[in-house]
Amino acid sequence: MINSSISELFNTIENSKLYKDYKKMADILNRDSEIKEIIDEIKELEKKATYLESIGDNKYLEIDEIIKEKANILNNKQVYIEYLEKMEEFNNELAISSNMINKYISEKV
């Protein structure tokens, strides 16, 4: 009973327009090599900055500035902006659903 209800919930989410719109934007973003490259560069720079900061090397501040510049490039790309908007909408919907489930469980327990 519970497994089927959970499966039904996931199916409902996966078939929702909101999820499909989010997934479509994620797929478009994944096919954009320039954006993927910038995101990968930012991830690597973040790792390096985190390491440098952890060992007390102030060079992480310079890397943080490079990260900001690259993030600014991303934030000026329309497809990335649309992706972030869809992701936020979808995450908000998931948060609302999660709160409803938690409330239901709390009332039943």
Side-chain angles (χ1 to χ4, degrees):
M1 167 88 175
I2 292 176
N3 284 341
S4 66
S5 295
I6 291 172
S7 292
E8 201 173 306
L9 174 63
F10 282 112
N11 285 335
T12 301
I13 291 169
E14 288 178 340
N15 291 317
S16 71
K17 180 178 179 348
L18 193 57
Y19 177 76
K20 288 178 181 178
D21 289 347
Y22 163 71
K23 186 72 174 138
K24 179 181 174 185
M25 288 307 304
D27 291 343
I28 290 170
L29 197 68
N30 282 328
R31 289 192 302 266
D32 189 316
S33 60
E34 181 185 3
I35 289 177
K36 280 180 66 171
E37 185 178 317
I38 295 169
I39 291 171
D40 289 343
E41 288 174 9
I42 289 173
K43 287 178 183 178
E44 286 302 314
L45 290 167
E46 286 173 335
K47 287 178 192 175
K48 187 173 182 179
T50 300
Y51 171 74
L52 291 173
E53 185 177 14
S54 73
I55 63 170
D57 189 335
N58 285 338
K59 288 183 182 175
Y60 79 90
L61 295 170
E62 295 170 21
I63 294 174
D64 282 347
E65 288 303 314
I66 297 169
I67 291 170
K68 287 178 188 175
E69 291 170 11
K70 292 193 178 288
N72 192 36
I73 292 169
L74 274 181
N75 291 324
N76 285 309
K77 297 207 172 278
Q78 188 61 36
V79 68
Y80 187 73
I81 293 167
E82 290 176 34
Y83 165 77
L84 291 178
E85 289 170 355
K86 294 297 180 190
M87 182 176 65
E88 184 176 357
E89 287 177 40
F90 182 63
N91 284 338
N92 288 340
E93 190 67 28
L94 287 179
I96 291 168
S97 299
S98 178
N99 287 336
M100 289 172 62
I101 291 168
N102 286 335
K103 183 178 178 183
Y104 177 80
I105 291 171
S106 294
E107 289 173 358
K108 295 296 179 184
V109 173

* Structure fact -> Quick note, ring pair (Phe, Tyr, Trp, His ring centres under 6.0 Å) partners involving residues 35-59, not counting sequence neighbours, are none
* Partners of Glu41 by side chain to side chain donor-acceptor pair (under 3.5 Å), sequence neighbours excluded? -> Lys70
* **side-chain contact (heavy atoms from CB on, under 4.5 Å) partners for Ile13, two or more places apart** => Leu9, Phe90, Leu94
* Under the 4.5 Å side-chain heavy-atom rule for ILVMFWY, direct or indirect, which residues accompany Ile81? -> none
* Among all residues two or more places apart in sequence or in another chain, which pass the side-chain contact (heavy atoms from CB on, under 4.5 Å) test with Asn76? -> Asn72
* Could you tell me which residues satisfy side-chain contact (heavy atoms from CB on, under 4.5 Å) with Asn92, sequence neighbours excluded, listed by chain and number? => Glu88
* Does Asn75 have any side-chain contact (heavy atoms from CB on, under 4.5 Å) partners at least two apart in sequence or in another chain, and if so, which? -> Ala71, Tyr80, Leu84
* To do: Mind jotting down which residue pairs meet the salt bridge (charged side-chain N to carboxylate O under 4.0 Å, His left out) criterion with at least one end in residues 74-83? Sequence neighbours excluded, please.
  => Glu34-Lys77
* To do: Mind checking salt bridge (charged side-chain N to carboxylate O under 4.0 Å, His left out) for Asp40 and listing every partner two or more places apart, or none if nothing turns up?
  => none
* Asked: Any salt bridge (charged side-chain N to carboxylate O under 4.0 Å, His left out) pairs touching residues 47-63, not counting sequence neighbours?
  -> Glu44-Lys47
* Under the side chain to side chain donor-acceptor pair (under 3.5 Å) test, residues paired with Asp21 that sit two or more places apart -> Lys17
* **Non-neighbouring partners of Lys103 that pass side chain to side chain donor-acceptor pair (under 3.5 Å), sequence neighbours left out** => none
